[in-house]
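What follows is a single structure, written as C-alpha cells, with notes after it.
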Amino acid sequence: MNKKIIIGNWKMNPTSLKEAVKLAKASDKNGAVLCVPFLFLNEVKKVLKKAKLGAQDVFTEVSGTYTGEVSAEMLYSIGARYVIIGHSERRAIGETNQLINKKIKSALSAGLSPIICVGEKERDESHGYLNIVKSQIEECLFGISKNSASKIIIAYEPVWALSTTANRHDATSADSQEMAIFIKKILADIFSPQIAHEMKIIYGGSVNERDAEDFLKNGGVDGVLPGRASLDPKKFQQILKIAENI
Ligand code: PGA
C-alpha cells in the first residue's frame, strides 16, 4: 500500500516563534509535511527530524526588485521541499490560475514539490462544479512537462467544506472519491494514464481525527491536508497514526 502523506497547513498561525517551535516539535513525525508561515520556516526546520518542511506560497521570479516576495530558490535553500500554491484563501484575494501556473513553474524549477489547491466554492445540481475544477487544473498545469508531473500533488479542497467557510458543511469520502477519479482522468488527458496513476491527489476541508480514516480509506486519495486540526498536536498526531495504520 502506498504511504499516505499528511500535510498540515498552519495558515497564519501561531502568533509567536516560541509557539511555532513547540508545535513543530510535537508534530515531527514520519509522513508529515508542515506548511508553516515564511517567518518560522528557518527555526522550524532546525527542530524537524522526521517531518518535511513546506511553505504556504511562493513568488513567480527567482530574485530581483519584488518587494516583500519570497522566491522558490530561497525556500529551497533553507530546507523547504514543499509549497502550497493556489489555496482558496489566496484565490479569494485575487490569485488567478495564470498566476498560480507561474508559481508552480518557479517551484518546480527550484526543486520544490507544489501542492496545488483546487476546488469549487459550491456544488450545483447541473454539475458545473466539475468544469470549474477541470479548468483550474488545466490552466494551472498549462505547459508543465511530463517529467515534472511526479513532483506535483493535487489537493482537492472544496471551499464549502473548509473549517473557515461560513455556513460550511461536511464533505464525505464519497465526494472526495468522485473528485479523485475525475481529477485522475484530467491528469491522464494532460500527461498520460501512467503518469496520472503515479501522481498524488489529497483531500482537504476540515479533516480531523474523527473523519481522517474514512477519507484515507474510502476517499480515493493519497493523503489529507488538515488546517485547523494541524494546530492541535494531539489531533494531528492522531491523524498521522491513522495514516500509518492504513
Ligand atoms: P481546514 O483547512 O482543515 O481548517 O478546513 C484546510 C485548508 O484550508 O487547507
Side-chain angles (χ1 to χ4, degrees), residues 4-15 19-20 23-24 26-27 31-38 40-41 51-58 80 82-95 100 103-104 107 112-123 129 132-133 136-137 140 152-173 175-176 179-180 183 200-216 219 221-240 242-243:
K4 304 286 187 189
I5 188 165
I6 310 298
I7 303 178
N9 178 9
W10 289 8
K11 308 194 180 184
M12 201 172 73
N13 298 293
T15 47
E19 288 170 277
L23 180 57
S27 311
V33 178
L34 306 182
C35 291
V36 316
F38 285 140
F40 300 150
L41 283 165
K52 301 271 189 283
L53 185 67
Q56 301 170 11
D57 187 28
V58 65
Y82 292 83
V83 58
I84 295 173
I85 302 181
H87 191 279
S88 57
E89 287 154 12
R90 299 205 60 83
R91 291 178 186 266
I93 52 173
E95 279 201 12
I100 292 164
K103 291 185 171 187
I104 295 167
L112 297 172
S113 280
I115 302 155
I116 307 168
C117 296
V118 298
E120 73 283 2
K121 289 199 186 110
E122 54 194 12
R123 290 217 164 175
Y129 67 91
I132 291 172
V133 172
Q136 284 177 337
I137 294 176
C140 289
I152 295 172
I153 298 172
I154 305 286
Y156 171 56
E157 294 210 305
V159 181
W160 47 268
L162 295 189
S163 68
T164 41
T165 300
N167 302 320
R168 65 164 300 281
H169 56 279
D170 283 334
T172 63
S173 56
D175 294 326
S176 164
M179 197 54 93
I183 291 173
K200 279 192 164 59
I201 300 174
I202 63 174
Y203 170 79
S206 301
V207 173
N208 57 49
E209 72 290 0
R210 293 181 306 279
D211 59 17
E213 182 168 4
D214 187 27
F215 280 111
L216 290 169
V221 288
D222 306 291
V224 288
L225 176 52
R228 184 173 286 179
S230 72
L231 297 173
D232 180 330
K234 269 201 194 123
K235 291 182 181 170
F236 193 63
Q237 283 173 22
Q238 269 178 274
I239 297 173
L240 286 160
I242 290 165

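Start at 1 and go down the list; that is how both ligands and their atoms are numbered. In this chain, numbering begins with 1 at the start of the sequence shown. All figures in this text were calculated on a predicted structure; none of them were measured in a lab.
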Numbered in order shown, the ligand 1 atoms found under 4.0 Å of a heavy atom of Asn9 are 7 (C), 9 (O)

Inspect the contact between Lys4 and Asp222 and indicate whether a charged nitrogen and a carboxylate oxygen are less than 4.0 angstrom apart. no

Applying side-chain contact (heavy atoms from CB on, under 4.5 Å), run through Ile5 and Lys52 and close with a yes or a no. CA-CA 10 Å; Ile5 188 165; Lys52 301 271 189 283; over 6 Å; no

So which protein heavy atom does atom 4 (O) of ligand 1 come closest to, and at what separation? Ser163 OG, 2.5 Å

Looking at ligand 1, is there an atom of it that comes within less than 4.0 Å of some heavy atom belonging to Ser206? yes

Ligand 1 atoms nearer than 4.0 angstrom to some heavy atom of Arg228 are 1 (P), 3 (O), 4 (O)

I'd like to check whether Thr164 has a polar contact with ligand 1, where a contact means an N/O of the residue lying under 3.5 Å from an N/O of the ligand. no

Hey, mind stepping through Asn208 and Lys235 against side-chain contact (heavy atoms from CB on, under 4.5 Å) and telling me if it holds? CA-CA 7 Å; Asn208 57 49; Lys235 291 182 181 170; 5.6 Å; no

Less than 3.5 Å between some nitrogen or oxygen of Gly205 and one of ligand 1, yes or no? no

The protein heavy atom nearest to atom 9 (O) of ligand 1 is Glu157 OE2, 2.8 Å

Would you tell me whether Glu120 and Trp160 have side-chain atoms, one donor and one acceptor, within less than 3.5 Å of each other? yes

For ligand 1, is any non-hydrogen atom under 4.0 Å from Leu162's backbone (N, CA, C, O), its side chain (CB onward), both, or neither? both

Please evaluate residues Val224 and Ile7 with respect to the criterion side-chain contact (heavy atoms from CB on, under 4.5 Å), reporting the C-alpha separation (whole Å), side-chain torsions for both, the decisive distance (0.1 Å), and the verdict. CA-CA 6 Å; Val224 288; Ile7 303 178; over 6 Å; no

With a cut-off of 4.0 Å, which atoms of ligand 1 are near a heavy atom of His87? 7 (C), 8 (O), 9 (O)

Protein heavy atom at shortest distance from atom 3 (O) of ligand 1: Gly227 N, 2.8 Å

May I ask you to decide whether Lys103 forms a salt bridge with Glu95, counting only side-chain N to carboxylate O separations under 4.0 Å? yes

What pairs with Lys11 under salt bridge (Lys or Arg N to Asp or Glu O under 4.0 Å), at least two apart in sequence or on another chain? Glu89

